[in-house]
Amino acid sequence: MIAILKPGTTPQQTQHLVSWLKTMNLDVHISQGAEVTVLGLIGDTSRVDMDLLKSLEMVETVKRVSEPFKQANRKFHPQDTIVTVDNARIGGGYFAMIAGPCSVESEEQIIEVAQAVKASGATMLRGGAFKPRTSPYAFQGMKGEGIQLLLKAKEATGLPIVTELMNISTLDLFADVDVIQVGARNMQNFDLLKELGKTKKPILLKRGLANTIQELLMSAEYIMSEGNENVILCERGIRTFETATRNTLDLSAVAVLHNLTHLPVVVDPSHATGRADLVAPMAFAAAAAGADGIMVEVHNNPACALCDGAQSLTPPQFDELSRKVQKIREVLV
């Protein structure tokens, strides 16, 4: 249930109403907009007398929310959420260019790529230290050492770092990581999501291989219900019958998500297509669809990459992509 307060309602009046609602064992989420304040009531709202609530002088209207996700719901929070990551922002008109190699391979490699993508306009550096791989014989990442190399790349460039957490047991290693990524395979690892909800770090949550948009939002709800509202959603393609691409990039999800939620939405065309020649067209389409950012794999030598070289761009290719994405965004504005 949501209660929309009338313009001019004072903070004292709002707090008095919130205190009264909490006596009914409800959690109250306050969204303070430029013109109106929205109170999101979470819990057993059946005990709330809607007519009594509507009759209060400060209340404009009261509505029941049928969707199971509450805190991620745009009805609870009409304004776009802006997630701040160190010196970068995403959402609410701020666009993130997240770029870097699929996996960290060496200090020289990660720093060289970081410097190149920053020069081309990247606002965050991505790189895998822990790598979930289909084959147990494939490169699994440099793990803790990889995180330390990412931090060296941040020190060299100033770019905030984004890297994937696979297991709660390694959470301590991510103390200095700016954005913790939850991969597609862990989207419904609810114990992991709840632990991440107890942190204040931004969480980049990828949609699962065969998950619906509502399931993605319910996973975001797990994080937010524990107190962490810094969630970034990522569309990275879903599994269909099509075999021409690694996955099927669902760009309609960008528009659907923006209607349903206030959280920022980024698109990962690299993992979606699995082909370097398709990354740029899909990145352009994502920007045109209104995404709040894109996440692109960039490697200084894709042919020798230890992981996903076939979908990685070279630094010059990323530079061209970055310039064209900016032009598309200028047209939209």
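Just so you know, these numbers use all the heavy atoms, side chains as well, and skip hydrogens, waters and symmetry mates.
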Atom CZ of Phe284: over 12 foreign heavy atoms under 6.0 Å: yes
Are there over 12 heavy-atom neighbours, none belonging to Glu155, within less than 6.0 Å of that residue's CD? no
Sidechain N-carboxylate O distance under 4.0 Å for Glu221, Lys70: no
Just to verify, which of Thr248, Asn247, Thr245 counts as forming a side-chain hydrogen bond (donor to acceptor under 3.5 Å, both in side chains) with Thr240? Thr248
A side-chain contact here means heavy atoms from C-beta on lying under 4.5 Å apart; do Leu21 and Thr23 qualify? no
Counting N and O atoms only, with roles assigned by atom type, does the side chain of Lys75 sit under 3.5 Å from a partner on the main chain of Arg64, one being a donor and the other an acceptor? no
Considering only heavy atoms from C-beta outward, does the side chain of Met187 approach that of Leu216 to under 4.5 Å? yes
Do Glu195 and Lys198 meet the salt-bridge criterion of a basic N to acidic O distance under 4.0 Å? yes
Determine whether Met218 and Pro68 make a side-chain contact, defined as any pair of heavy atoms from C-beta on separated by less than 4.5 Å. yes
Flag the pair Lys22 and Asp27 as a salt bridge only when some basic side-chain nitrogen lies within less than 4.0 angstrom of an acidic carboxylate oxygen. no
Is Val62 close to Val48 at the side-chain level, that is, under 4.5 Å between some pair of heavy atoms? no
Quick test of your reading of the model: are Arg207 and Glu235 salt-bridged, counting only N-O distances below 4.0 Å? yes
For residues Gln109 and Pro101, determine if any side-chain heavy atom of one lies less than 4.5 Å from a side-chain heavy atom of the other. yes
Between Asp178 and Lys154, is a salt bridge (charged side-chain N to carboxylate O under 4.0 Å, His left out) present by the stated rule, with each step listed? CA-CA 10 Å; Asp178 299 290; Lys154 177 183 179 179; 2.9 Å; yes
Short N-O contact, Lys206 and Asp268, less than 4.0 angstrom: yes
Indicate whether the side chain of Arg275 and that of Gln311 have a donor and an acceptor atom separated by less than 3.5 Å. no
Mind checking whether Ile203 and Ile232 have side chains closer than 4.5 Å, heavy atoms only? no
Would Arg126 and Glu297 satisfy salt bridge (charged side-chain N to carboxylate O under 4.0 Å, His left out), going step by step from the backbone distance to the final call? CA-CA 8 Å; Arg126 63 143 294 150; Glu297 291 189 358; 3.8 Å; yes
Whether Phe76 and His29 hold their rings parallel, tilted or perpendicular, with breakpoints at 30° and 60°: tilted
Tyr222 versus Leu196: any side-chain heavy-atom pair under 4.5 Å? no
Could you tell me whether Asp49 and Lys54 have a side-chain N and a carboxylate O separated by less than 4.0 Å? no
